[in-house]
Each structure stands twice: as structure tokens, then as C-alpha cells.
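What follows is a set of notes on a single structure, which appears directly below.
Below, read A as the first sequence line, B as the second, and so on, with proteins coming before strands; counting in each chain starts at 1. Predicted model only: the values in this text are computed from it and were never measured. Quick note: numbers below take in every heavy atom, side chains included, and nothing from hydrogens, waters or symmetry partners.
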Amino acid sequence: MGRFVLRRLLHMAITFFAMITLMFFLFRMLPGDPTATVISPALDADARAAMQARFGLDRPLIEQYFVYLASLARLDFGLSFRTSRPVWELIELRLVNTLLLILPSMIAAYVIGAIGGALMAWYRGGRAEGSLVLAATALQSAPVFWLGMLAILVFSIWLDWFPTGHIVTPGRFPEPSWRMYLTLDFLHHLALPFLVNTLYNLCFPLLLMRSTMLSTIGEDYVELARMKGLRERQVLYGHAMRNSLLPLATTLPMILGWSVAGSVVIETVFSWPGLGLLMIEGITRSDYPVVQGAFLLIAVLTILGTFVADLLYGLLDPRIVYR
Amino acid sequence: MRTPVLEIDRLDLGYATRAGTAAALRDVSLSVAAGESVGIVGESGCGKSTLLKAVMGVMPPNATIETGAIRFMGTDLVTAGPEVWRRARWSGIAMIAQSALNALNPVKRVSAQIAEAIRAHEDWPRDKLRARIVELFEMVGVDPARIDDFPHQFSGGMRQRVLIAMALALRPPVLLADEPTTALDVIVQNQIFRRLDALRKELGFAMLLVTHDLGLVIENCERIVVMYGGMIVEAGPTAQVIGASGHPYTLGLYNALPRLGAGVEPISIPGRPPDLVAPPPGCRFAGRCPFAQPRCTTAPPLNRLGADHVARCHRSDEMAVLRPDARLAETWERGAPVPDTIDTGSIEGI
Amino acid sequence: MRVLRYFVAAVWAVPSGRVALVVLALFLGLAVLGPWIAPFDPMARTYGADGRLVRLAGPSAEHWLGTTLMGRDIASQMLYGARPAFLVGGMTAVGTVLIGLNIGLVAGYFGGRVDAVLMRITDIFLGLPFLPFIIVVLAMSGRSIWTIIFAMTIVMWRSTARVIRAQVLSLREMPFVAAARTTGAGDWAILYREIAPNVLPLALVSTAFALAWAIITEASIGFLGFGDPNVISWGSILYDAYASQVMYRAPWWVVPPGIAIMVLVSAVYFMGRAYEQVINPRLRAI
């Protein structure tokens with residue numbers, strides 16, 4: 001077990017290193033002179049050179065790369081071209097915002113999806129089950145940003161129950177701070193994106209759980225559990241559902257990583273100041289250190305998700321032998 | 001005569017299928033006395049596994065018991081309601097499942113799987129539970145140090161023993177065994193049956209062994225029940241059913257047994273079991289029976305051939321004459337007389 | 001072609017698959033004929049009798065789905081938007097499966113070092129955040145339909161490779177492979193003549209799901225404003241609506257593109273699932 005974890009950790013390190021390298025060179029190949037947005041071309045050559053030196057853009061690419069690696073190790077993502085402040089300062093709260101939206105809604109989606117899918121399989125064959133499968137597939141097929149737009153149209157514009165976007169009422173906190181998470185205003189803003197994201201992400205675990213359960217129900221051990229005189233509820237939760245949870249549980253961390261990556265879309269619709277929106281803003285303002293920082297953090301979460309999924313698979317299923 | 005612990009009384013069971021209702025069990029009556037060992041034989045699809053599931057009350061959702069009773073210790077489980085039936089399961093009638101690999105939940109320790117069976121019926125403290133599981137492992141000859149292992153850590157034979165231990169957990173008066181050794185080699189199979197036999201004599205449970213292997217039943221059971229197409233075609237003490245068979249199908253099954261060194265080649269019965277959605281009128285075996293006659297298109301009576309020996313065949317009293325013919329391979333290769341001759345016969349009869 | 005015919009026949013055998021195929025054929029027809037049957041030039045501004053721009057007009061006999069803020073006909077835009085959905089989705093799905101299939105085949109069959117290296121590479125791609133990566137590539141190398149296809153293919157082949165590899169691992173041990181080896185067949189011949197046909201059903205399922213995912217992603221890219229500026233897609237219609245800030249006064253502008261995507265992608269999902277049921281009867285609900 002220890003060796004297995006160590007190996008997976010090593011793999012993760014390699015993946016991460018490759019990612020950093022790839023991204024570094026990719027960003028350096030971006031078209032246009034990134035310094036142009038902060039250093040006015042009207043400045044004389046000396047002043048421009050001074051600015052370039054300040055951002056370290058005058059040194060050879062390979063040297064920039066090693067400096068970059070060293071600073072990453074210190075969690076130093078460089079300075080924003082636009083604000084000249086450390087990127088990490090910008091990212092910190094954005095990361096919290098993204099996680100506060102994504103984590104609870106993914107957990108809710110998985111809990112509801114698992115139980116709902118199990119019950120659909122248990123009471124299979126009815127008309128209700130058929131319509132639920134159709135509804136879940138349709139929902140899964142709709143683009144999530146469109147669902148968000150419809151939700152805003154109905155619940156914010158027509159019914160006026162929820163605000164149309166942002167994390168708190170604009171102007172209430174001139175400077176983002178930790179205190180804003182403790183307000184009811186925050187929860188009021190969180191509600192709609194949370195609901196839309198939960199509803200959308202619920203479909204995958206729901207349909208997966210249903211199909212896994214359908215094959216588990218036919219297993220001999222489920223029949224034997226019933227023969228042993230267990231109550232139906234015990235057979236459902238203790239055997240059929242318990243065993244069907246395995247494939248589902250192992251997908252959670254990976255899907256979590258993916259949905260952090262996918263949060264770009266939902267954050268854009270609801271103007272939710274998370275990592276994804278930060279990245280989009282960075283691109284439109286050519287603020288590449290910010291884009292790169294946000295991207296790397298999203299990548300870390302994705303890779304971490306895959307890693308945890310691998311470990312979880314081994315932990316939950318005793319038949320897996322660690323190599 | 002010993003008192004019956006399990007009594008199946010004229011049971012009819014149907015499966016709803018797309019093509020219509022399949023008559024999976026028809027007029028099945030069977031009683032098992034305390035401590036007795038009874039073997040049910042027949043080809044796959046003859047309804048023997050369906051019968052066991054019906055007795056356990058775990059039929060698939062599309063199955064319904066149309067008429068008849070399943071009495072355990074005098075109580076009809078069919079009419080007594082699901083809770084009474086649930087309580088009777090395992091504590092009254094336990095089962096050794098068919099496939100040892102799939103019958104155990106792969107992600108639960110075997111101790112937990114035995115414990116949950118006990119806890120579904122008894123409120124025992126943890127120590128008593130564990131002590132019982134250790135005792136059970138010793139009883140079936142598995143190292144008690146392994147009670148907390150996972151199913152995949154056992155060999156096939158060991159898993160089967162674990163299943164037997166699980167079945168005996170609540171000292172049930174009736175033990176059902178559905179092909180308990182099909183996946184195992186002959187040596188392990190023998191060990192398991194010897195152990196089962198010893199346990200039966202020691203604990204006094206009645207055993208209902210279901211298998212397609214007539215040889216296994218001859219060796220291990222006091223009574224034989226032969227099933228075909230969802231019906232019992234012959235039943236009686238082993239010696240009489242084998243020595244003085246009253247049904248051509250029993251003869252056919254016996255012919256199909258491989259015998260070592262006897263210089264007799266096994267003969268198989270050509271054809272397939274009948275379609276249960278639209279079964280042939282009359283005797284369900286007639287389509288494959290070399291001795292079929294025009295009257296076989298009418299339902300044959302259940303003839304009493306001995307004190308406890310019955311057969312469902314129009315010609316069961318002529319069996320003594322037909323038996324030598326039935327030993328010949330040609331007889332079976334010839335198969336059933338073509339329906340035309342049956343029809344002609346009935347016209348002649350008019 | 002034979003593969004396609006076999007696939008369609010298999011899907012047709014399942015009732016839900018039949019519906020899905022009909023819906024898909026309908027959309028495909030619209031995609032092909034769209035530019036000819038569209039009543040207006042999708043970019044043309046409509047002026048009323050009084051010479052003023054017909055902004056945000058509701059659905060009418062003339063404009064079935066109303067007009068945009070710039071007075072453009074939404075129905076025509078919808079008809080033009082069907083093409084990129086199929087083009088981008090289809091090419092990405094095919095590219096994804098071609099790469100994933102080959103990498104999965106080689107990794108699974110040769111095993112050992114080859115497998116280790118290919119799987120490490122797959123892991124790296126698995127760590128790439130899907131949408132952010134595509135957006136960065138688009139920002140870097142310009143917004144064109146071909147870049148979108150390229151970027152999506154780069155991040156999508158990874159799952160197909162994993163699934164195919166797992167299947168090849170078990171197929172490799174099958175008797176027919178050993179039999180082929182005894183006849184003196186080389187590794188590549190065994191891989192592509194014996195094993196590949198057996199993973200084809202799985203590859204087809206992968207293609208269907210890749211197609212569904214690619215259509216949604218293409219729309220998301222359009223919505224984020226990174227779509228090809230010269231192409232009208234359902235995603236870009238939604239982007240225009242969103243960016244106009246007035247979309248909430250014009251539901252007819254917002255609803256149709258989403259419905260179109262939802263119905264098309266649902267049909268693709270149902271087609272994939274129907275085919276899965278055919279090749280794996282265990283999935284069939286009782």
C-alpha cells in the first residue's frame with residue numbers, strides 16, 4: 001500500500017512538472033508583446049527596458065523558465081501586468097470563491113444522484129423511471145450556461161427571488177475580504193448558481209448509479225442477502241447500493257477536478273468572481289501571469305482529483321491488489 | 001412415517017414474459033420429513049431452481065404463485081404474509097447457494113456476511129456472534145483464524161464451505177442446496193458432500209439437493225424427485241426410482257449417466273425441454289419420448305407405483321416391458337413417433 | 001461505411017435509438033440545407049417600413065423566432081448554426097477516436113515500457129483542465145473553427161485511449177490472439193487485423209459520447225466569446241444575447257439555441273446508449 005501511494009505520488013509529480021513546463025512555454029509563445037499592455041509604447045526605450053527588467057522579461061527564455069520554477073516552489077506566481085501586485089494575492093480569494101460554489105454543489109449532486117439513481121433502479125420499469133431517465137439525459141445535454149441564463153430569466157428577472165449575479169451586492173465590500181462569506185447576502189447570491197450547478201451535475205451520478213445498480217441487483221449476493229432474511233431496506237442499502245457506490249465514489253474526485261475546470265462557464269454567467277472568471281478576465285486584458293496562475297491552480301486541482309480517485313478506488317474495493 | 005417439516009402442496013407458479021405467461025411450475029407437490037435428504041433432478045430449465053426460489057420467497061418480480069401452498073412446520077408461507085416468510089428464511093429454511101464466487105458479497109468480510117444473517121433473526125451480543133462464527137468455521141473445516149477474510153481470499157472449495165457455514169448459522173431444520181458443487185473438481189466435491197452428510201446426521205436437518213447430476217443424487221439422497229418442464233414426473237425412494245423407474249424420462253436421465261468400466265456408453269436424450277409459454281397438450285415429455293402414444297396428448301395421471309413411489313405417465317405400469325428397449329441407444333435416436341402417426345392413431349380411434 | 005451501416009442497424013433495433021436516429025437525421029438535414037432554406041441573411045439588419053431597425057421583435061410570421069438587438073433574423077441564424085455544430089462536433093469526435101484508439105491499442109497490446117510511457121503521457125493530458133486549456137490555446141493562436149477542433153481533439157482523446165487500452169488488455173489474452181500468433185502473424189497484423197475489429201464497438205460508443213461532448217463544448221466556447229468570429233454557431237448566438245445585456249427582455253433569443261443543443265446532444269446520447277445496450281445486453285433494464 002505504501003509503495004503504491006508513493007508510486008502514484010511520483011506519477012503525479014511528473015504530470016505536474018510536465019504541465020508547468022508545457023504551460024510556461026505555451027504562454028511565452030502567445031502573440032503580441034505582453035509588456036505592451038502595462039508599458040506604454042510611448043515611453044522611451046530606457047524606461048521600457050527598466051520595466052521589462054522589473055518583470056524579468058529581458059532575460060533569455062530558458063533562464064526565465066528556471067526562475068519561474070524556483071518562484072513557483074515558493075508559491076510565487078509573479079506580478080500581475082495590470083495591477084503590479086503579486087498574482088497569488090489575486091488568486092487566493094478567487095480560489096475560495098470557486099471552491100465555495102463547486103464543492104458543496106458537487107457533494108449535493110453526488111448524494112442526491114446516488115440515492116436517486118439507486119431508487120430508480122430499485123423501482124425499475126415504471127413510467128416515472130423512464131421519464132426521469134429522459135429528463136436527466138436532456139438536462140445533461142443542455143449547456144450549463146444556458147441553464148444558468150434561463151434560471152436568471154425566471155428566478156431573477158421574472159420572479160425577482162435572487163440576484164442576477166456577483167458574490168455579494170456590488171459596493172457592499174469595496175475590498176473583497178473574508179467577512180463577506182459570513183453574510184446572508186452571500187448565501188442569497190450563492191443560491192442560484194449553486195442550484196443550477198447542482199442540478200446540472202446531478203445527472204451524471206444519477207444515470208451512472210442507476211445503470212450500476214441495475215446490474216448489481218441481478219448479482220447472486222443480492223439474492224442471497226434476501227434469502228438470509230434481511231429486510232428489503234437492508235438488502236437495498238447494505239448490499240445493492242453499497243456495492244454500486246464503488247464505481248460512483250471513485251469518479252467523484254475526478255469529476256470534482258473537472259468541474260472546477262468547467263466552472264469557467266457557470267462563473268461567467270453569474271459573474272461569480274472565481275478562478276475561471278479570473279482567467280477569462282486575464283485573457284481579455286492580456287494579463288498573462290494571472291492567466292497562468294489561475295490555469296496552474298485549476299490544473300493542480302484536476303490532477304489532485306485524478307490522484308485521489310485512483311487511491312479511493314484501491315481503498316474501497318478490497319479486491320484491488322496494489323502493485 | 002416421519003412428520004414433514006416442509007410441505008409443498010400443488011404449487012402453480014407463472015412468469016410474466018413478453019410472449020405470455022410461462023407455466024414455470026405446475027401441480028408441484030412435495031413433502032420433506034425432518035432429517036431426510038431429498039434430491040431434485042432434471043435438465044436446466046425444468047423448474048428446479050424456480051422451485052427453490054419459490055420456497056425461499058425470493059422470486060423475480062415477474063413471477064407469481066398462482067395457487068398452492070408452501071408449508072413450513074405447518075404454516076403456509078404463501079398466505080402468512082411477507083414478514084412471516086422473511087422470518088422463516090434462514091432460521092427455518094436456509095440455502096447453500098449455487099455459485100460460491102458470486103454468492104458472497106466481494107466487498108464485505110465473510111464474518112460480517114454471516115453475522116448479518118444471524119442478526120436479521122436474533123439479537124445476539126458481539127462476542128456470542130463471533131463465537132458462533134468460529135464454531136461454524138470449525139464445523140465445516142475452515143481455519144477459524146480466517147473469519148475476517150474477504151471472499152476473494154478463499155479458494156473455490158473453501159468458499160463453498162463458508163457458504164455451508166453461513167447456511168447452518170441458525171441451525172435451520174431445512175437446508176436447500178442448489179448445485180452446491182458445480183464449480184468444483186470431483187475430489188473437493190466428494191469432500192464437501194461427505195461433510196454435508198456428516199453434518200446432517202449430527203444436526204438433524206433435512207436437505208433438499210437440487211442438481212442436474214443424477215449420480216450425485218443417487219449417492220447422497222434417500223429420495224429422488226424428477227422434474228421435467230415445470231412438473232414432477234416421478235418421485236420416490238432412490239432404490240425404487242432407479243431400480244423400477246416409472247417414467248421414460250427417468251430412464252433417459254439414467255442412461256445419460258457416465259459409468260466407469262461398464263462398457264456402456266452414455267446415451268443422451270435428443271431434443272429440448274418444452275416451451276413453457278405454450279406447452280404441448282398432455283404429457284410435456286411426449287415430444288421427446290420414444291414410447292409416446294396417441295393418448296399422450298392428454299394429461300397423464302399421477303400413478304401410484306409403490307407405497308411412496310409415484311410417476312406421471314400413461315404407460316408407467318408397462319415400464320417393466322419397455323425398460324429393456326429404453327437401454328438401447330437406437331430407441332432414443334429414433335425419438336418420438338412423428339405427430340402424424342399420433343394423429344392417424346386418434347383418427348383410427350374414432 | 002460498412003461499419004457505419006452496421007452501427008445504424010444496431011441502434012435502429014432499440015426503440016429509443018430509432019427516435020434518436022430520426023432526430024439526428026432531421027438535424028443533419030437542416031445543417032446541410034440550412035443556408036438555402038434560411039429566409040434571411042443571418043447577418044442582415046432588418047429595417048421596418050418607417051426605415052428604423054426592427055430590434056428585438058418577437059416571433060412573427062415574417063420572423064419565426066423574432067429578431068436580435070441588431071435586427072437580425074434569429075431563425076436564419078439558428079439554421080446557419082446547425083452546420084458548425086456538426087462540423088466541429090463530428091471532426092473532433094473522429095479525431096479523438098482515431099488518436100485514442102491507436103494509442104489505446106498500442107499501449108494495451110505491447111505493454112511494458114511502451115504502455116508505461118504512453119500512459120504517463122495520457123495522465124499528463126488527463127491533468128489538463130478541459131475548457132481552460134482550449135481557451136488558452138484559442139487566445140494564443142487565434143479564434144478559428146480549425147483551432148477549436150484541434151484544441152478539443154488534443155484534450156479529448158485521453159479518455160478514449162484509457163477505455164480502449166483496458167479492453168485490449170483483456171483481449172490480448174484471448175485464445176484467438178494466440179491462434180493468430182501460431183500462424184506466424186506479426187504483432188502489427190495481430191493488433192490491427194485481430195484485436196482492432198474487436199474493440200471497434202467500444203470505439204463507436206466512444207465516438208458517440210465524444211460527439212455529444214464536443215457539441216456542448218463548442219457551444220461553451222462560443223458563449224465565452226472565443227468562437228470563430230466569422231461563423232454563426234448556436235453558442236455565438238447565445239453569446240450575442242448575453243453580451244447585449246438585454247437578453248432578458250427577449251426569451252425568443254435565448255431559448256431556441258439551447259433547445260437545439262439539448263435535443264441534438266440528447267439524441268446523440270440516446271444513440272450511444274442504444275448501441276451500448278446492443279453490444280452489452282447486461283445494461284438492458286429489466
Option in C/G225, C/S16, C/A267, C/P129 with maximal non-hydrogen atom pairs under 4.5 Å from chain A: C/P129
For the candidates C/V255, C/V137, C/I121, which exhibits the highest count of non-hydrogen atom pairs separated by less than 4.5 Å from chain A? C/V255
Starting from the C-alpha separation in whole Å, work towards a yes-or-no answer on side-chain hydrogen bond (donor to acceptor under 3.5 Å, both in side chains) for C/R273 and A/T137. CA-CA 11 Å; C/R273 258 187 243 144; A/T137 307; 3.1 Å; yes
For A/V291, is it the side chain, the backbone, both or neither that has a heavy atom under 4.5 Å from a heavy atom of chain C? side chain
Are the side chain of A/R210 and the backbone of A/A121 linked by a donor-acceptor contact shorter than 3.5 Å? no
With respect to chain A, which residue among C/W213, C/F125, C/Y242 yields the maximal number of heavy-atom pairs within a distance under 4.5 Å? C/Y242
Please look at C/A212 and chain A and tell me whether the side chain, the backbone, both or neither of the residue comes under 4.5 angstrom of a heavy atom of that chain. neither
Under 4.5 Å heavy-atom distance to chain A, tell me which part of C/I215 shows up: side chain, backbone, both or neither. neither
In terms of heavy-atom contacts, does CZ of C/F150 have more than 12 from other residues, nucleotides or ligands at under 6.0 Å? no
Mind ranking A/S141, A/A18, A/A142, A/S156 by heavy-atom pairs under 4.5 Å with chain C and telling me who comes out on top? A/S141
Between the main-chain N or O of A/L275 and the side-chain N or O of A/T98, is there a donor-acceptor pair closer than 3.5 Å? yes
Could you measure the distance from the CE atom of C/M152 to the OG1 atom of C/T92? Nearest 0.5 Å is fine. 3.5 Å
A/L153, part contacting chain C, at a heavy-atom distance under 4.5 Å: both
Ranking C/T217, C/L264, C/I261, C/L131 by heavy-atom pairs under 4.5 Å to chain A gives rank one to C/I261
Give, as side chain, backbone, both or neither, the part of A/I298 having an atom under 4.5 angstrom from any heavy atom of chain C. both
Is a salt bridge present between A/E281 and A/R94, judged by a nitrogen-to-oxygen distance below 4.0 Å? yes
Keeping the roles fixed (side chain from C/D228, backbone from C/I145), state whether a donor-acceptor pair exists under 3.5 Å. yes
Counting heavy-atom pairs under 4.5 Å to chain C, which of A/I283, A/L301, A/L304 comes out on top? A/I283
Which word best sums up how the rings of A/W161 and A/F155 line up, parallel for under 30°, tilted for 30 to 60°, or perpendicular for over 60°? tilted
The single option from A/I152, A/L277, A/T164 that satisfies side chain to side chain contact (heavy atoms under 4.5 Å, CB included) with A/V269 is A/I152
Is it the side chain or the backbone of C/Y269 that comes within 4.5 Å of chain A heavy atoms, both, or neither? side chain
Measure C/W234 against the heavy atoms of chain A and call it side chain, backbone, both or neither at under 4.5 Å. neither
Is it the backbone or the side chain of A/M279 that comes under 4.5 Å from a heavy atom of chain C, or both, or neither? side chain
Is there side-chain contact between A/Q140 and A/L202, with heavy atoms separated by less than 4.5 Å? no
Between C/V263, C/D123, C/L238, which shows the greatest number of heavy-atom pairs under 4.5 Å with chain A? C/L238
